[in-house]
J.: 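Got a structure here, written out as structure tokens. Questions coming.
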Amino acid sequence: MIERFLKQTSFTSVEDYNKHLEFIIPENFNFAYDVMDAWAEEKPDGLALLWTNDQGEEIRTTFKELKEQSDQAASYLQSLGIGKNDPVMLILKRRYEWWVVMLALCKIGAIVIPATHMLTKKDIVYRNTRASVKAIICVDDAYVVGEIQKAMADSPTVKQYIAVTDHGKPIPEGFHDWQSEWKKAAPFVRPAFVNENDDTMIMYFTSGTSGEPKMVAHDYLYAMGHLTTGVFWHHLHEGSLHLTVADTGWGKAVWGKFYGQWFAGATVFVFDHEKFNADTLLRQIEKYRVTSFCAPPTIYRFMIREDLSKYDLSSLEYCCTAGEALNPAVYDKFYEKTGIKMMEGFGQTETTMTLGTFPWMEPKPGSMGIPNAQYDIDLIRADGTPCEDGEKGEIVVRVGDRKPIGLFKGYYRDEEKTREAWHDGLYHTGDMAWRDEDGYYWFEGRIDDVIKSSGYRIGPFEVESALMTHPAVVECAITGVPDDIRGMVVKATVVLGKEWKDKAGEDLVKELQQHVKKVTAPYKYPRIVEFVDELPKTISGKIRRVEIRDKDSKK
């Protein structure tokens with residue numbers, strides 16, 4: 001399959017990859033037709049999707065079956081008046097139907113907007129209004145349906161509401177019943193024209209760590225941009241069984257549960273569950289013989305607190321991590337317990353993987369890896385000049401005359417925000433890093449998060465990494481607090497492990513401060529330490545340091 005889209009399909013070194021990665025770009029590329037339906041012809045009995053849930057239910061779907069189901073779903077959506085360029089919001093958690101509907105919407109040229117099930121009425125109205133959403137397809141969850149129903153009166157653009165219910169369950173008022181209606185649709189007829197390569201295919205709202213969420217618009221080549229994610233970073237092939245831990249409302253789902261994995265012809269493994277439990281997840285890996293695994297570092301932190309010797313993880317061949325910066329202590333402990341080296345990657349909602357650790361590389365614990373050859377990555381100073389090795393700067397993508405495959409089109413209906421991030425031939429990520437002499441990049445934090453104290457610039461991630469090596473710390477966030485003498489001082493907001501909570505006090509504060517001084521430079525230690533039960537986070541699970549800063553500024 002991938003030989004249709006790459007001039008060279010395997011690589012043996014960084015130099016080989018950088019020199020020879022070149023895409024073959026068809027006209028009017030459409031992932032649903034050109035990849036998934038092609039697999040349905042080439043290996044109709046190949047296992048495309050293995051779905052199970054915490055109730056013990058299981059669905060195994062071949063490529064041929066997935067084609068037939070997505071065709072039927074496409075016809076049904078057309079019968080409801082949904083077609084080319086119509087924005088459709090999906091709030092489906094990890095329901096099996098998400099994968100079917102994603103392909104169906106691609107086949108009819110609609111614009112898919114995946115969204116999390118944690119949205120409130122205000123969030124839903126905001127998204128409906130900003131994107132002129134025409135239809136919402138949601139899981140029949142009491143909270144989700146309730147918030148959507150509250151938003152209906154303020155959402156005039158939405159013409160169709162479709163609920164995916166369990167069989168026999170009453171249909172929410174104002175909703176179509178997916179289960180009883182979609183299979184009755186007429187046979188699907190592929191539209192004569194579906195899309196140009198630069199048409200909008202998918203939009204994600206950013207997590208809103210500062211300000212209102214922005215709408216990130218991606219074209220049809222965005223799917224192809226994830227070929228390198230699945231085939232090279234995840235190191236997948238036909239026969240792989242891949243599990244990525246991610247909510248379908250966020251971009252990481254298509255990073256790890258959709259595009260790249262199916263370019264490789266691998267089987268996507270889905271575990272649909274309501275509440276995360278490390279033991280339960282490890283049992284799923286053991287039971288189904290998962291070969292490839294990807295999760296944010298938070299998940300690995302909980303996994304390594306389990307006795308991994310209790311589980312048969314011998315099927316695991318490859319493990320990756322992304323979504324937040326990886327603390328080296330987590331890498332070391334996981335490697336010690338499993339013998340598997342975690343391969344870190346970095347990217348944003350606006351991109352596919354821009355930096356990564358690839359199979360032909362030796363990982364450096366805590367490093368994001370090297371630039372993905374499909375992007376021209378650099379580090380720049382505040383004045384726009386390139387950084388030297390070892391010097392901290394902003395990660396940028398040099399765009400030049402041609403937008404790289406995988407980079408977003410812009411922020412939908414917001415030219416001002418687009419110009420702020422993308423100007424003078426550069427896309428500014430807003431993330432700080434430094435590069436070592438081997439070309440590996442090391443994350444420092446968001447530009448807005450860097451703390452300036454007594455003339456020093458302190459990246460929060462380095463201090464967080466140091467704190468995370470102390471056995472008492474489960475999670476932490478480093479922020480700056482205004483100070484009359486130093487300008488700012490470092491503050492640590494810390495979540496303790498259960499066995500340490502009764503020790504929270506001045507002695508533990510001093511112990512943590514001394515620990516940071518020993519692990520990193522003494523001037524970086526947190527002069528203020530606050531113990532909390534949980535950290536403020538966005539609905540995508542990212543720490544809202546801005547909320548901690550705002551709270552401290554009001555004291």
Side-chain angles (χ1 to χ4, degrees), residues 47-61 90-102 114-119 137-147 163-167 169 178-179 207 234 240-258 261 266-308 310-313 315-316 319-324 334 474-475 534 537-542:
L47 187 61
L49 185 63
L50 200 172
W51 179 97
T52 187
N53 65 9
D54 50 11
Q55 305 301 308
E57 298 174 298
E58 185 179 297
I59 301 173
R60 295 172 181 261
T61 308
L90 304 187
I91 310 177
L92 287 170
K93 295 188 177 179
R94 294 180 180 86
R95 287 285 304 221
Y96 171 83
E97 289 81 4
W98 185 82
W99 284 263
V100 176
V101 175
M102 284 284 290
T116 175
H117 60 280
M118 293 183 282
L119 299 179
I137 305 173
C138 72
V139 62
D140 185 11
D141 170 272
Y143 173 81
V144 172
V145 169
E147 294 303 304
V164 177
T165 64
D166 292 320
H167 290 289
K169 202 174 175 185
W178 171 275
Q179 295 289 14
S207 55
H234 284 159
S240 296
L241 180 62
H242 179 77
L243 167 60
T244 280
V245 178
D247 185 281
T248 59
W250 300 106
K252 190 64 172 65
V254 295
W255 278 53
K257 297 173 178 282
F258 205 74
Q261 295 64 46
T267 301
V268 172
F269 178 77
V270 181
F271 177 49
D272 184 8
H273 59 281
E274 285 298 320
K275 188 176 181 180
F276 169 74
N277 177 278
D279 172 72
T280 303
L281 182 66
L282 287 161
R283 293 297 178 197
Q284 297 300 312
I285 293 172
E286 177 183 57
K287 176 180 177 181
Y288 288 97
R289 310 297 294 163
V290 170
T291 64
S292 174
F293 179 71
C294 185
T298 299
I299 300 296
Y300 286 101
R301 283 201 291 270
F302 283 104
M303 289 171 67
I304 61 178
R305 286 176 173 265
E306 299 290 323
D307 178 4
L308 295 186
K310 297 190 308 183
Y311 310 93
D312 179 4
L313 303 179
S315 63
L316 273 180
C319 291
C320 299
T321 188
E324 59 188 20
F334 187 76
V474 174
E475 282 190 303
E534 61 181 5
K537 294 181 180 179
T538 68
I539 50 181
S540 66
K542 294 183 179 180

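Please read all numbers here as calculations on a predicted model, not as lab measurements.
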J.: Can you run down the side chain to side chain donor-acceptor pair (under 3.5 Å) pairs that involve residues 268-277, sequence neighbours left out, and say none if there aren't any?
T.: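 Listed by first then second residue: K93-E274, N277-T280.
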J.: As a test of understanding, state which of I285, V268, L316, V270 forms a side-chain contact (heavy atoms from CB on, under 4.5 Å) with L243.
T.: I285
J.: Considering only heavy atoms from C-beta outward, does the side chain of T248 approach that of H117 to under 4.5 Å?
T.: no
J.: Would you compute the distance between atom CZ of R94 and atom CG of D54 and round it to the nearest 0.5 angstrom?
T.: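 Rounded to the nearest 0.5 Å, the CZ-CG separation comes out at 10.0 Å.
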J.: Would E58 and Y288 count as having a side-chain donor-acceptor pair, cut-off 3.5 Å?
T.: yes
J.: Which pair of heavy atoms, one from P297 and one from A322, lies closest together, and at what distance?
T.: CD-O, 3.8 Å
J.: Which pair of heavy atoms, one from V139 and one from V144, lies closest together, and at what distance?
T.: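 Closest pair (atom of V139, atom of V144, distance): O-CG1, 4.0 Å.
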J.: So T244 and K252, do their side chains get closer than 4.5 Å, heavy atoms only?
T.: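 Sidechains of T244 and K252: in contact.
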J.: With sequence neighbours excluded, what pairs up with W178 under the ring pair (Phe, Tyr, Trp, His ring centres under 6.0 Å) test?
T.: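 Partners of W178 under the ring pair (Phe, Tyr, Trp, His ring centres under 6.0 Å) test: Y76, W182.
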J.: Could you tell me the separation between the CE atom of M303 and the SG atom of C319, rounded to the nearest 0.5 Å?
T.: 7.0 Å
J.: Identify the heavy atoms of C138 and L92 that sit nearest to each other, and give their distance.
T.: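 In this case the closest contact between C138 and L92 is C-CD2, 3.5 Å.
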J.: Could you pull out all residues at least two apart from Y311 that satisfy ring pair (Phe, Tyr, Trp, His ring centres under 6.0 Å)?
T.: none
J.: Mind checking the CH2-CH2 spacing from W51 to W98? Nearest 0.5 Å is all I need.
T.: 14.5 Å
J.: For residues V290 and Q284, determine if any side-chain heavy atom of one lies less than 4.5 Å from a side-chain heavy atom of the other.
T.: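 No. Closest side-chain heavy atoms not under 4.5 Å.
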J.: Please confirm whether the backbone N or O of H242 pairs with a side-chain atom of S240, one donor and one acceptor, at under 3.5 Å?
T.: no
J.: Can you name the nearest heavy-atom pair linking L241 to R289, along with the distance?
T.: CD2-O, 3.9 Å
